[in-house]
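For reference, the structure is listed below as structure tokens.
The structure displayed is predicted, hence computed values, not measured ones.
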Amino acid sequence: MTHAKLGEWLGLTPQAISKYELRGATKAIALALAALDRGLKPWRATKEDLKAIETNVRMKALRKGASANGQKAN
């Protein structure tokens, strides 16, 4: 499959696909691949979406750290 075809299918540019091959996953590629894995149509994340994801990741890390220390997370 070409970068152009894969990019079209994922809703990304061929350059983004090439960048993934060279450097690894960016947030956009990771989100598109996660959507594929779930069998969903890929979507383009907004800045608000990415901020919400980052907040969720930080909250999970805080909860995990609190539970590892025997504390209750807020």
Side-chain angles (χ1 to χ4, degrees):
M1 182 176 280
T2 66
H3 289 163
K5 289 240 183 230
L6 182 59
E8 181 181 330
W9 200 70
L10 291 173
L12 300 167
T13 65
Q15 293 82 5
I17 302 300
S18 179
K19 187 177 178 182
Y20 168 70
E21 284 186 337
L22 293 172
R23 300 183 194 158
T26 63
K27 286 183 183 180
I29 292 283
L31 289 169
L33 292 175
L36 273 174
D37 188 49
R38 293 188 314 270
L40 302 174
K41 182 177 179 182
W43 54 278
R44 293 187 189 269
T46 64
K47 287 182 181 181
E48 292 80 19
D49 294 328
L50 295 174
K51 186 176 179 181
I53 291 167
E54 289 171 358
T55 299
N56 187 329
V57 169
R58 282 195 302 270
M59 293 301 292
K60 283 183 180 180
L62 288 172
R63 281 189 224 114
K64 185 176 180 181
S67 66
N69 292 329
Q71 300 171 351
K72 184 177 179 182
N74 294 332

**Request:** State whether the side chain of Ser18 and the backbone N or O of Pro14 hold a donor-acceptor pair below 3.5 Å, judged by distance alone.
**Result:** no
**Message:** List the residues meeting side chain to side chain contact (heavy atoms under 4.5 Å, CB included) with Lys60, not counting sequence neighbours, and say none if there are none.
**Reply:** Asn56, Arg63
**Asked** What distance do Glu8 atom CD and Leu6 atom CG have between them, rounded to the nearest 0.5 Å?
**Response** 10.0 Å
**Request:** Report the residues that fulfil side-chain hydrogen bond (donor to acceptor under 3.5 Å, both in side chains) with Thr2, sequence neighbours left out, ordered by chain and then residue number.
**Result:** none
